[in-house]
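All residue numbers refer to positions in the sequence shown, counting from 1. The structure presented is a predicted model; accordingly, all values stated were derived computationally and were not measured.
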Amino acid sequence: MIKTARRTTRGFTLVELLVVIAIVAILAAVVVLIINPLELTRRGRDAARLSDLSNLQNAINVAVQEATNSGSAILCNGGTYPCTFKSSPLGASTRLADGTGWVSVNLGGQKSVSVPTLPVDPTNDTTFHYTYCADNDAWEINAVLESDQQKPKMAADGGDENATDTTGRYEVGSNLTLINASGTPCPF
């Protein structure tokens, strides 16, 4: 009599599968906690804000230096002082760089400055937006930073707003006291 070898196939048991799924879930949760994708998204938006404000600061400074008359005449595009504008709510003309947008400096008519359209805040809502103000021969642009890594910059920018109160803003410009909560000269 010839005996044939018996073949048995063995799969994973339900308990083994549940243990593996639990280990994978725990590892995924630890990775998400370590990476913190929401904070990374906030950091990306803050990087765009800081870049926008730096570029605008350089463009306005060059435009003021190149002005044929006084630099103060171009800060409110020939209008009355003080002038203040916000990038939100976003209208069709808000991004124009000809002095009629939310920055009241004609950046399109300058020789050394090339700003085809004005940047807007990545979120651009009632909380996160850019604010511009000019008064006589000084100007200021503000933005609110949202990432935990960048928030300390709001208190260390040299302006009158700080990150410890609810109205803290990151400030750039030639006079960092123009935009303030007290209402003078440029209330936000």
### Query
Closest approach of S87 and V120, non-hydrogen atoms and distance?
CB-CG1, 4.1 Å
### Message
So, taking the atom named CG in N106 and the one named CD1 in I74, what distance separates them when rounded to the nearest 0.5 Å?
### Response
8.0 Å
### Message
Using only atom types and a distance under 3.5 Å, with no angle test, would you say the side chain of E16 pairs donor to acceptor with the backbone of T13?
### Response
yes
### Query
At what distance, to the nearest 0.5 angstrom, does OG1 of T127 lie from CG of D121?
10.0 Å
### Non-hydrogen atoms of G158 and L176 that approach each other most closely
C-CD1, 3.8 Å
### Query
Of the non-hydrogen atoms in L53 and A143, which two are nearest, and what is the gap between them?
CD1-CB, 3.7 Å
### Message
I'd like to know if the side chain of W139 and the backbone of V172 have a donor-acceptor N/O pair within less than 3.5 Å.
### Response
no
### Task
State which residue, out of K151, R42, R45, R43, fulfils the side-chain hydrogen bond (donor to acceptor under 3.5 Å, both in side chains) condition with E146.
R45
#### Entry: Full working for side-chain contact (heavy atoms from CB on, under 4.5 Å) between L50 and K153
CA-CA 10 Å; L50 293 171; K153 287 186 177 186; 3.7 Å; yes
#### Entry: Heavy-atom side-chain contact between L75 and V64 under 4.5 Å
yes
### Query
Passes side chain to side chain donor-acceptor pair (under 3.5 Å), T123 versus R49? Steps please.
CA-CA 10 Å; T123 306; R49 289 178 182 108; 3.2 Å; yes
### Message
I need the minimum non-hydrogen distance between A59 and L107, along with the two atoms involved.
### Response
O-CD2, 3.8 Å
### Query
Between N124, N142, D52, which is the residue that forms a side-chain hydrogen bond (donor to acceptor under 3.5 Å, both in side chains) with Y130?
D52
### Query
Taking atom CG of L145 and atom OH of Y170, what is their separation to the nearest 0.5 Å?
7.5 Å
### Query
When rounded to the nearest 0.5 angstrom, what is the spacing between CG in L18 and CD1 in I23?
11.5 Å
### Task
Hey, could you give me the CD1/OG distance between I141 and S174, rounded to the nearest 0.5 Å?
10.0 Å
### Task
Spell out, yes or no, whether V31 and L40 are grouped together once hydrophobic residues are joined by side-chain heavy atoms under 4.5 Å, including indirect joins.
yes
### Task
Give, for atom CG of N175 and atom CG of D137, the distance between the pair rounded to the nearest 0.5 Å.
8.5 Å
### Polar side-chain atom of D125 near backbone of F128 as donor-acceptor pair, under 3.5 Å
yes
#### Entry: Shortest non-hydrogen contact from P116 toward A97
O-CB, 3.9 Å
### Task
For the cysteine pair C133 and C83, state whether the SG atoms are less than 2.5 angstrom apart.
no
#### Entry: Side-chain donor or acceptor of E140 paired with backbone N/O of E171 under 3.5 Å
no
### Message
Taking side chain to side chain contact (heavy atoms under 4.5 Å, CB included) as the criterion, tell me which of V105, T84, L56 meets it with Y132.
### Response
V105
### Side-chain donor or acceptor of S51 paired with backbone N/O of A47 under 3.5 Å
no
### Query
Which heavy atom of P37 sits nearest a heavy atom of V32, and at what distance?
CD-O, 3.7 Å
